[in-house]
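Heads up: the structure comes next, in structure tokens.
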There are 2 protein chains.
Amino acid sequence: MRTILEAAERVFAANPAATMEQVAQAAGVARTTVHRRFATREALVEELTGWAARRFAEAVESARADSTPPLVALYQVTANVLRVKTNWWFAMSRTADGAHPEAVRVHAEVRDQCERLFHRAREAGVLRPDADLDWTRRVYYALIHEAAAEGAAGGGDAEALATRVVDTLLRGFGSPAAPVIA
Amino acid sequence: MRTILEAAERVFAANPAATMEQVAQAAGVARTTVHRRFATREALVEELTGWAARRFAEAVESARADSTPPLVALYQVTANVLRVKTNWWFAMSRTADGAHPEAVRVHAEVRDQCERLFHRAREAGVLRPDADLDWTRRVYYALIHEAAAEGAAGGGDAEALATRVVDTLLRGFGSPAAPVIA
DNA sequence: TACAGTTGCAACAAGCGTGTAGCGACTATT
DNA sequence: AATAGTCGCTACACGCTTGTTGCAACTGTA
């Protein structure tokens, strides 16, 4: 039942330790009905995780990151992922903890794709030649996470957020003329 | 008991839903002993939160962010906070959720100080004139969070991490010659 | 009308974590 | 030696959540 999954997402996003009773209430059904569809609490979270992982994979894939110019790909991937992560906040947080095999696979693929994209970006001069691509990727993830939090709170559309993320990733906040610490 | 608090930090960092039994075991004492010092689980988490909040406040305060050049202050605050956050990962995550009055106060003060610092940095030309200081601060927090995760996993000292955080915040990863998206 | 499918509802069993209490052993102090 | 203090251990009560079951009511279909 799609309704239950969406309700679970809302409830668990607010409180990861919420009970089945709270989920059922949010979905407008009886607790036993939730158990009829999802045998255990764990099964519910699993299906939620898988659902989000598939959406995540679609979001990244549809950006065609391997066949468009790096800067364009970076923007498209960012915007697409933000759209998913804004609506599936809790479920997306579950895709990263290594419990769900499909989620692990998706994350690994996305990570590979991200690394390939950053390599291309560096070769194309979009990223600095001395950029640490692992740290770059982690900062990129953190920026998306932060922007998604803002988006989930109702702070603007995915396009505007993506623009800001990419701009921040590439330029930072310092003045070009300012001295550099390292 | 300091031993119990440190054990609780370790256990809760690995699993926020851990039981008193697990905390006791990690501390090398019986569960009843934990209850003798901390009447309830909530009281334990509260004291842990307060402890971390005080350490956090000390870390920021000792950097003298109001009376040193912005770039120096930024570096010092970053390094000091990283030292605390690396060792009190769970407790620091609790200082932000608004449950602990003292933690709320500390966070508000730190936030004010951070904003003042960024204002000064912008006026001094360290930050760009058009930098959105709220977004800047949130990115700064996210970078510290990410660096602390690396530090907690044993990835280098606070000074090196701080250097990287500040460098990333100011410069980003893009080539100075590259086109800008926004 | 007869039927299958789904749901709400009440009730129940079981497990788990929490919090409390009593008892005995150990240690340091006087 | 006597005492106070701390700790481990066992046992228990309590509440909460989970998961299951049976039954009645409702809906759409044949």
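By convention in this document, chain letters (A, B, ...) are assigned in the order of the sequence lines, proteins followed by strands, and residues within each chain are numbered from 1.
Side chain B:Thr19 to base C:dC16: no donor-acceptor pair is found below 3.5 Å.
Rounding to whole angstrom units, CG of residue A:Asn15 and P of D:dT17 are separated by 11 Å. Distance, B:Leu44 CG to C:dG19 C1': 14 Å, rounded to whole Å. Whole-Å rounding puts the A:Phe38 CZ to D:dT20 P distance at 14 Å. Counting to the nearest Å, the P atom of D:dT18 and the CD atom of A:Gln25 are 13 Å from each other. Distance, A:Glu42 CD to C:dC16 P: 14 Å, rounded to whole Å. Computed from coordinates, the B:Glu21 CD to D:dT10 C1' distance equals 13 Å when rounded to whole Å. Between the NE2 atom of A:His35 and the C1' atom of D:dT18 there is a distance of 6 Å, given to the nearest Å. Rounded to whole Å, the distance from CZ on A:Arg36 to C1' on D:dG22 is 11 Å.
Among the nucleotides D:dT18, D:dC9, D:dT21, the one closest to any side-chain atom of B:Thr32 is D:dC9. Residue A:Val29 places its side chain closer to C:dG8 than to any other of C:dA21, C:dG8, C:dT18. Nearest nucleotide to the A:Arg31 side chain, out of D:dC7, C:dA11, D:dT17: C:dA11.
Using a 4.0 Å cut-off between charged nitrogen and carboxylate oxygen, B:Arg10 and B:Glu6 do not count as a salt-bridge pair. Ion pairing of B:Asp134 with B:Arg137 is present here, as a side-chain N (NZ or NE/NH1/NH2) and a carboxylate O approach within less than 4.0 Å.
A close approach under 4.0 Å does occur between a side-chain nitrogen or oxygen of B:Thr33 and OP1 or OP2 of D:dG8.
Looking at A:Gln22, its side chain does come within 3.5 Å of a backbone N or O of A:Thr19 through a donor-acceptor pair.
Geometric assessment of A:Arg94 against the ring of A:Phe90 yields a negative cation-pi assignment under the 6.0 Å and 45° thresholds.
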